[in-house]
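Each chain gets a letter, A, B and so on, in the order its sequence line appears, and its residues count up from 1.
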Amino acid sequence: MKILFMGTPDFAVFSLSSLIDSNHKVAAVVTQPDKPKGRGYHLLPPPVKVYAEEKGIPVYQPMSLKGEEFESLLRDIAPDVIVVVAYGKILPKNVLDYPRFGCINVHGSLLPEYRGAAPMQRAIIDGKKFTGITTMYMADGIDTGDMLLKSEIRIEDNDNFEDIHDKLGLCGAELIVKTLDALEKDGIERIPQDEAQATYAAKITKEDCLIDFSLSARRVHDLIRGLSPIPLALTHTPDGKLLKIWKAETSSLSASGKNFGEVISLDDGIHVACGDGSVKLLGVLPEGKSKMSASDYIRGRKLNIGDILK
RNA sequence: CGCGGAGUAGAGCAGCCUGGUAGCUCGUCGGGCUCAUAACCCGGAGGCCGUGAGGUUCAAAUCCCACCUCCGCAA
């Protein structure tokens, strides 16, 4: 099939790559415009653009998908199918209706659970044991369209967002090719989503990142790994400084009689009392510094037993 | 010109404001104690204090200037 690929971040590169290597043809790539990012606001191209250019595929970065301009681009490319992976904008109806085989989305969850922007992070934060990839037809509404194929993976106890991101990236790369192959050959049964089962995985906000030590140690740990290595769960030291956590594990130390967030031991990590049990922080990122191990951080004499993190 | 922090021994930091012998917690090496040890005791090695044949000064890690590099926030 002749594909128009639409995607933006690293996660989309997995799928783009496998489509390029497949029997289908990626005719063009549409991605978000370069945006000022990072320190100093330098203009940075999205990963999909960088990759597509390496592969010599034409890249388009329209400001808007509405209107005549994009529609004429569509006609020029004349794709059989549009594959969308984390593109970052809503596709207007005329675009959805254009390709013969429709617009197909690669979504990082087992729909109808975790529709929305942050399915992988939310699944980990919620302590789920499984997640996966769903390929689906795009429709009005966010991730509400009919489902095509699914692929499930296990979330291991210590998997963080990066682990799941990479696993699902590969998983999605495989599944999208399978989906197109099957569609072209025999077709696939469309499975409507059960609205009653649907949940929504909203974008991660600053508030989501703040660790609530009154939760159980298990849930604190889930939050930390669900947000690592980006954007990272955070707390504050007694001097009011930001302290981000990139690695932790549940600890066997008892927290009874301690305040939530109280540092109860600095042995081999920062043990912090939670609502139920305690967690051992192993990797931290102090404000203005780079990532370091908790033991290095402790060596700089930044924390004492009895200090409260909040 | 988005805002801000930091570059001192292999690691994490202090010292800088109020210039004048380079310090802490670890690691490492050697020795001791111990049935033994990641524990404890003693001792040692390891630093052009980011760069500048820069500026000020009798004297600069410390004050001034320029540059380089790294990082946090914000997007």
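If you run side chain to side chain contact (heavy atoms under 4.5 Å, CB included) between L227(A) and each of L232(A), I245(A), I125(A), I211(A), only I125(A) comes through.
Note: the hydrophobic cluster containing Y60(A) does not contain V85(A) (ILVMFWY, side chain heavy atoms under 4.5 Å, direct or indirect links).
Between L234(A) atom CG and G72(B) atom P there is a gap of 14 Å when expressed in whole angstrom units. If you take OH of Y297(A) and P of G27(B), they are 21 Å apart, rounded to a whole angstrom. To the nearest angstrom, P of A74(B) lies 18 Å from NE2 of H42(A). Separating the CE atom of M292(A) from the P atom of A6(B) is a distance of 13 Å, rounded to the nearest angstrom. Put simply, NZ on K241(A) is 12 Å from P on C13(B), counting in whole angstrom units. Rounded to an integer number of Å, the gap from E287(A) CD to G4(B) C1' is 9 Å. For the pair L242(A) CG and C71(B) P, the computed distance is 17 Å after rounding to whole Å. For the pair L303(A) CG and C13(B) C1', the computed distance is 13 Å after rounding to whole Å.
A14(B) and C26(B) are spaced 14 Å apart, taking the C1' atom of each and rounding to whole Å. Nucleotides C70(B) and U34(B) are separated by 46 Å at their C1' atoms, to the nearest Å. Distance noted for atom P between G32(B) and C17(B): 46 Å (whole Å). With C1' as the reference atom, G15(B) and A60(B) are 14 Å apart, rounded to whole Å. Spacing of P atoms, C49(B) relative to G30(B), comes out at 29 Å, to the nearest Å. Rounded to whole Å, the P atom of C71(B) lies 30 Å from the corresponding atom of U25(B). On the P atoms, C16(B) is 13 Å away from U21(B), given to the nearest whole Å. Nucleotides A45(B) and G5(B) have their P atoms positioned 38 Å apart, rounded to a whole Å.
Side chain to side chain, D34(A) and Q61(A) meet the donor-acceptor criterion of an N or O pair below 3.5 Å. Side-chain contact, D21(A) with S18(A): no donor N or O sits under 3.5 Å from an acceptor N or O.
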For RNA chain B, just give me the dot-bracket, please: Watson-Crick or G-U, both distances below 3.5 Å, ( ) intra-strand, [ ] crossing earlier pairs, | paired with another strand, . unpaired.
-> .(((((((.[[[[.)....(..]]]].(((((.......))))).....[[[.[[..)....]]]]]))))))..
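Sorted by first then second residue, the salt bridge (Lys or Arg N to Asp or Glu O under 4.0 Å) pairs that include residues 79-107 of chain A, not counting sequence neighbours, are D80(A)-R100(A), K93(A)-D97(A).
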Taking distance alone, no hydrogens or angles, what donor-acceptor pairs closer than 3.5 Å link side-chain atoms of residues 107-121 of chain A to residues at least two apart or in another chain?
{"from": "H107(A)", "atom 1": "ND1", "to": "D143(A)", "atom 2": "OD2", "distance (Å)": "3.4"}
{"from": "H107(A)", "atom 1": "NE2", "to": "S109(A)", "atom 2": "OG", "distance (Å)": "3.3"}
{"from": "H107(A)", "atom 1": "NE2", "to": "Y114(A)", "atom 2": "O", "distance (Å)": "2.7"}
{"from": "S109(A)", "atom 1": "OG", "to": "E113(A)", "atom 2": "O", "distance (Å)": "2.6"}
{"from": "S109(A)", "atom 1": "OG", "to": "Y114(A)", "atom 2": "O", "distance (Å)": "3.2"}
{"from": "Y114(A)", "atom 1": "OH", "to": "D126(A)", "atom 2": "OD2", "distance (Å)": "2.6"}
{"from": "R115(A)", "atom 1": "NE", "to": "D143(A)", "atom 2": "O", "distance (Å)": "3.2"}
{"from": "R115(A)", "atom 1": "NE", "to": "Q193(A)", "atom 2": "OE1", "distance (Å)": "2.9"}
{"from": "R115(A)", "atom 1": "NH1", "to": "E195(A)", "atom 2": "OE1", "distance (Å)": "3.3"}
{"from": "R115(A)", "atom 1": "NH2", "to": "Q193(A)", "atom 2": "OE1", "distance (Å)": "2.9"}
{"from": "R115(A)", "atom 1": "NH2", "to": "E195(A)", "atom 2": "OE2", "distance (Å)": "2.9"}

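For R299(A), counting side-chain heavy atoms from C-beta on, the closest listed nucleotide (A74(B), U25(B), G72(B)) is U25(B). Among A11(B), A75(B), G4(B), the nucleotide with an atom closest to any side-chain atom of K37(A) is A75(B). Taking only side-chain atoms of K289(A), from C-beta outward, the nucleotide of A74(B), C13(B), G12(B) with the closest atom is C13(B).
In terms of position along RNA chain B, the nucleotide closest to Y41(A) lies nearer the 5' end than the nucleotide closest to the other residue of the pair Y41(A) and G300(A).
Among the heavy atoms of the strands, none lies under 4.0 Å from I298(A). Nucleic acid contact class of K206(A) (heavy atoms, under 4.0 Å, all strands): sugar-phosphate only.
Taking only side-chain nitrogens and oxygens, R39(A) comes nearer than 4.0 Å to OP1 or OP2 of G72(B).
Ion pair R75(A)/E68(A) flagged as a salt bridge, since at least one NZ, NE, NH1 or NH2 atom sits closer than 4.0 Å to an Asp/Glu carboxylate oxygen. Using a 4.0 Å cut-off between charged side-chain N and carboxylate O, R219(A) and D222(A) make no salt bridge.
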